[in-house]
Amino acid sequence: MISSFIKGGEWTFSQYSQLSLSTISVYAVGITLIFFTTALLMMFRPKKVRVNKSNGRVFSKDDPEIIIIGSGVAGSAMATVFARDGRKVTVIERDLKEPDRIVGELLQPGGLNALIKLGLGDCVKEIDAHKISGYVLHSLDSKSEVVIPYSVCEESLGQKLNADGAAFHHGRFIMALREQAMKEPNVTYVEGTATKLIEENGIVTGVQYKLKNEEESKEVYAPLTFVVDGCFSKFRKELVKESVKVTSHFVGLLMHHCPQKKSNHAEIVLMTPSPVLVYQISSDCTRVLVDIKGVLPKNMKEYLLDNVCPQLPEHIQEPFKDGVINGRIRSMPNSYLPPSPIERPGVLVLGDAYNMRHPLTGGGMSVCLNDVFIWRDLLKTIPDLTDYESIIKSLRVFHLRRKNTHSFVVNVLANALYELFSADNTYLVSMKRACLEYFKLGGECVAGPVSLLSVLNPKPHILVGHFFAVALYAVYYVFLSEPFWAIHRVLYRSFMIFFTACTILFPLIWAETKTLLFT
Ligand SMILES: Cc1cc2nc3c(=O)[nH]c(=O)nc-3n(C[C@H](O)[C@H](O)[C@H](O)COP(=O)(O)OP(=O)(O)OC[C@H]3O[C@@H](n4cnc5c(N)ncnc54)[C@H](O)[C@@H]3O)c2cc1C
C-alpha cells in the first residue's frame with residue numbers, strides 16, 4: 001500500500017519546472033497586500049447604516065410582525081420558534097405539497113442537537129428516519145476502508161449532546177416541520193409565490209406575492225421579512241453581494257434493500273474523478289449521490305453503469321445497477337456561496353439563500369438550524385421589530401456568533417474536503433492519500449476531524465490544525481519515497497504540498513472572515 005502511495009507521488013523534472021519564481025513572488029506579494037488592505041479597511045471602516053425609525057411605515061395591528069418567504073428547512077423551523085416566542089408570523093410558500101428532492105437528507109448530530117434545542121426534535125421521530133452513527137470511508141487506490149464513528153468530545157460531555165445524526169426522506173422532514181408551524185395559532189400560511197420586496201424610504205416593509213394558480217398580486221406588510229427561499233433564491237441578487245459558484249453536480253438515485261458496510265454508517269467512496277456518497281434514509285431506501293465535475297454526461301445511465309458502478313464497493317454494485325436501470329436519476333448543482341454582510345433595514349436573509357457550501361459533508365441543514373437558533377435568541381431581546389438599529393447591531397453579533405459556533409467549520413471543511421477528495425494534481429493526490437492514512441492512525445486523528453464533520457465541536461483552530469497535520473503527513477511520505485541524495489526533490493515536493501494546502505485553505509478562510517471585517 002505504501003509503495004503504491006509512493007509511486008502515485010512520483011516526481012518528474014517537468015513538474016519541478018512547473019513552478020516559476022514569478023508565480024511564488026506573485027503569491028507572496030498577494031498575501032502581503034491582503035494583510036495591508038485588511039488593516040487599512042479595519043482602520044477606515046465605512047460609517048454604519050443609520051436608520052431613522054420615524055422613516056418607517058406605521059404597521060396595523062392586523063399586520064404580522066414577521067414575514068417568512070419560503071417554508072423549507074430554515075423557514076419552517078423559524079416560523080414555529082418565532083410563533084412560540086409570541087410573534088405573529090406569515091409564511092409565504094410557493095408549494096405546500098410534500099417536496100420530492102435529492103437534497104437535505106442527512107442531518108449531522110450538530111444539526112439534530114440544534115433541532116432538539118429549538119423544540120423540534122419530534123420532527124424526525126415519525127418519518128422512518130435512519131440513525132447515523134458515523135462514516136465508512138472507502139479508498140479505491142489502496143482498496144481499504146476506514147470506519148469513522150461519531151463521538152462526543154470531552155469538552156462537550158457536560159452539554160448532554162446527542163452523538164448520532166439522522167437520515168430521512170427530505171420531503172417527510174419538511175412536512176413534519178411545516179406541520180409543527182401550522183399548529184401554532186399565530187402562524188398564517190399562504191400558498192403563493194413571493195414576487196417582490198416592498199420598500200419604503202429605504203426600508204423593506206412588506207412582500208408582494210401571487211397566490212397559487214392566481215394572477216392577481218397581493219401584498220402583506222410587516223416590520224421584518226426573512227428571505228429563506230433556498231438555493232435558487234429569487235431575492236438573493238438584490239440583497240447579497242457575493243455570487244453563487246457551481247462547483248460540481250450531484251447526480252442522485254435511490255437504491256432499495258442495499259446492504260450497509262457497517263450498520264448505521266454513511267459511506268463515502270473516494271473514486272476517480274470525484275467522490276460518491278451513500279447513506280440509508282429509511283428502512284428500505286438508500287440514497288446514492290455521485291459527484292460529477294464539469295458538464296453532465298449526455299447519456300447518464302451509460303456513464304453511471306460503465307464508469308461509476310465498477311468503482312463502487314461490491315456490496316453496493318447490484319442495488320446501484322438496479323437503481324440506475326429502474327429508478328429515477330436526478331441532478332442538482334453543488335453550489336458555493338460564502339456569507340456576506342447584508343445591512344438592509346427590514347429584511348434578513350438566511351439558509352441557502354444566504355450561504356452555501358459543497359454538500360459532501362451534509363452540513364447545510366445544520367447551518368440553517370443553528371442560524372435559526374441564534375436569531376431566535378437575538379430577536380428575544382428586541383420586542384419592537386421596527387427598531388432597525390437594534391436589528392442591525394444584532395446582525396453583527398449574528399455574524400460573529402455563527403462563525404465561532406458552526407458556520408466557519410462547516411463551510412471551510414466541506415469545500416476543503418471536496419477539493420481534497422476530488423484531487424486533480426499530484427500534490428493534492430498525495431494529500432488525499434495521506435488523509436486516509438491519517439485517519440487510520442486513529443485516536444485524535446479521527447476524533448478531531450469527526451468532531452468537525454458532525455458539527456459536535458466545530459472549532460476553527462481544530463480544523464486548521466488537522467488540515468495542516470494531513471499536509472505534514474503527506475510530507476512524511478515524500479521523505480519515505482525519495483532516496484537520501486534526492487533531498488532537493490524532497491524539499492521541492494514538500495514545499496509544493498504545503499503551498500497547495502495554503503492555496504486551498506486560505507481563500508476559504510478569507511471568504512468566511514471578511515464578513516466580520518465589513519460589518
Ligand atoms: C445535492 C444536495 C444534497 C444535499 N444534501 C444535504 C444533506 O444531506 N444534509 C444537509 O444538511 N444538507 C444537504 N444539502 C443542503 C441543504 O439541502 C440545504 O442547506 C437546505 O435545504 C437549505 O434550507 P433552506 O430552508 O435555505 O432552503 P430550502 O429547504 O430549499 O427551502 C426553500 C423554500 O422556499 C420556497 N420558495 C422558493 N422561492 C420562493 C418564492 N419566490 N416564494 C415562496 N416560496 C419560495 C421553496 O419552495 C422551498 O420550500 C444538500 C444540498 C444539495 C444541493
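Sequence positions, counted from 1, serve as the residue numbers for this chain. Side chains included, hydrogens not; waters and symmetry mates left out as well; all remaining heavy atoms used. None of the values given here were measured: they were computed from a predicted structure.
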Counting only heavy atoms not in K393, do more than 12 sit closer than 6.0 Å to its NZ atom?
no

In this structure, CG of L253 is separated from CZ of R330 (nearest 0.5 Å) by 10.0 Å

Between E419 and K432, is there a salt bridge with N-O shorter than 4.0 Å?
no

List the atom of L456, the atom of P458, and the distance in Å for their closest heavy-atom pair.
C-CD, 3.6 Å

Taking the side chain as every heavy atom from C-beta outward, state whether V136 and I148 have any pair of such atoms under 4.5 Å apart.
no

Taking side chain as C-beta onward, heavy atoms only, is S422 less than 4.5 Å from K293?
yes

Side-chain contact, heavy-atom cut-off 4.5 Å: Y427 with F498?
no

Would D291 and S274 count as having a side-chain donor-acceptor pair, cut-off 3.5 Å?
yes

Under 3.5 Å, is there a donor-acceptor pair between the side chain of E512 and the main chain of V412?
no

Less than 4.5 Å apart, any side-chain heavy atom of Y336 and any of V246?
no

Less than 4.5 Å apart, any side-chain heavy atom of V429 and any of N425?
no

Enter the distance from Y473:OH to E437:CD here, rounded to the nearest 0.5 Å.
6.5 Å

Taking side chain as C-beta onward, heavy atoms only, is V269 less than 4.5 Å from P275?
no

Run the ring-centre check on Y492 versus F495 and record whether the distance is less than 6.0 Å.
no

Please confirm whether the backbone N or O of K245 pairs with a side-chain atom of S335, one donor and one acceptor, at under 3.5 Å?
no

Walk me through whether V251 and V308 qualify under side chain to side chain contact (heavy atoms under 4.5 Å, CB included).
CA-CA 11 Å; V251 171; V308 178; over 6 Å; no

Show, in sequence, the C-alpha distance, side-chain angles and deciding distance for R236 and E242, and conclude whether the salt bridge (charged side-chain N to carboxylate O under 4.0 Å, His left out) test is met.
CA-CA 9 Å; R236 178 192 289 135; E242 296 285 346; over 6 Å; no

Please evaluate residues S144 and S139 with respect to the criterion side chain to side chain contact (heavy atoms under 4.5 Å, CB included), reporting the C-alpha separation (whole Å), side-chain torsions for both, the decisive distance (0.1 Å), and the verdict.
CA-CA 5 Å; S144 62; S139 163; 4.3 Å; yes

Quick one, N334 with S248, criterion side chain to side chain donor-acceptor pair (under 3.5 Å). Give me CA distance, side-chain angles, the key distance, then yes/no.
CA-CA 5 Å; N334 295 328; S248 61; 3.1 Å; yes

Over all heavy atoms of both residues, which pair between A353 and L337 is shortest? Give the atoms and the distance, please.
O-CD2, 3.6 Å

Does R493 pair with E482 as a salt bridge, N-O distance under 4.0 Å?
yes

Using distance alone, with no hydrogens and no angle criterion, decide if D229 and S233 have a side-chain donor and acceptor under 3.5 Å apart.
yes

Beyond-backbone contact of H466 with I462, side-chain heavy atoms, under 4.5 angstrom:
yes

Just checking, any donor-acceptor pair under 3.5 angstrom between side chains of H169 and S282?
yes

Would you indicate whether the side-chain heavy atoms of I504 and L428 approach each other to under 4.5 Å?
yes

Main chain of S263, side chain of H265: is a donor-acceptor contact present, judged purely on distance under 3.5 Å?
yes

CG of L420 to CG of L360, rounded to nearest 0.5 Å, is 10.5 Å

On a heavy-atom basis, which atom in Y354 and which in S340 lie closest, and how many Å separate them?
CE1-O, 3.1 Å

Over all heavy atoms of both residues, which pair between Q108 and T361 is shortest? Give the atoms and the distance, please.
NE2-O, 2.7 Å

Can you name the salt bridge (Lys or Arg N to Asp or Glu O under 4.0 Å) partners of K321, sequence neighbours left out?
E318

Classify the side-chain pair E267/H315 by whether it contains a donor and acceptor separated by less than 3.5 Å.
yes

Any donor and acceptor pair, going by atom type alone, linking the side chain of S407 with main-chain N or O of R402 inside 3.5 Å?
yes

Rounded to the nearest 0.5 Å, how far apart are CD1 of I509 and CZ of F467?
9.0 Å

Which residues pass the salt bridge (Lys or Arg N to Asp or Glu O under 4.0 Å) test with E105, not counting sequence neighbours?
R287

Kindly say whether F373 contributes a backbone atom to a donor-acceptor pair with the side chain of D377 at under 3.5 angstrom?
no

Between V367 and V410, which heavy-atom pair has the shortest distance, and what is it?
CG2-CG1, 3.6 Å

Any side-chain donor near an acceptor of the partner, H170 and D100, under 3.5 Å
no

Partners meeting salt bridge (Lys or Arg N to Asp or Glu O under 4.0 Å) with K261 (sequence neighbours left out)
E145

Please walk me through it: do Y279 and L289 pass side chain to side chain contact (heavy atoms under 4.5 Å, CB included)?
CA-CA 9 Å; Y279 43 84; L289 293 171; 3.5 Å; yes

Can you tell me how far the NE2 atom of H130 sits from the CD1 atom of I132, to the nearest 0.5 Å?
5.0 Å

Rounded to the nearest 0.5 Å, how far apart are CD of Q260 and CG of N264?
6.0 Å

Assess the pair H358 and F250: is the distance between their ring centroids shorter than 6.0 Å?
yes

Assess the residue pair C309 and V324 against the criterion (side chain to side chain contact (heavy atoms under 4.5 Å, CB included)); give the C-alpha distance rounded to whole Å, side-chain angles, the decisive distance to 0.1 Å, and a yes or no.
CA-CA 10 Å; C309 190; V324 174; over 6 Å; no

How far apart are the C-alpha atoms of N355 and R357, what are their side-chain angles, what is the distance that settles it, and do they pass the side chain to side chain donor-acceptor pair (under 3.5 Å) test?
CA-CA 7 Å; N355 179 205; R357 73 296 308 155; 3.3 Å; yes

Look at the rings of F468 and F506 and say which category their plane angle falls in: under 30° parallel, 30 to 60° tilted, over 60° perpendicular.
tilted

Which heavy atom of V124 sits nearest to which heavy atom of F168, and what is that distance?
CG1-CE2, 3.7 Å

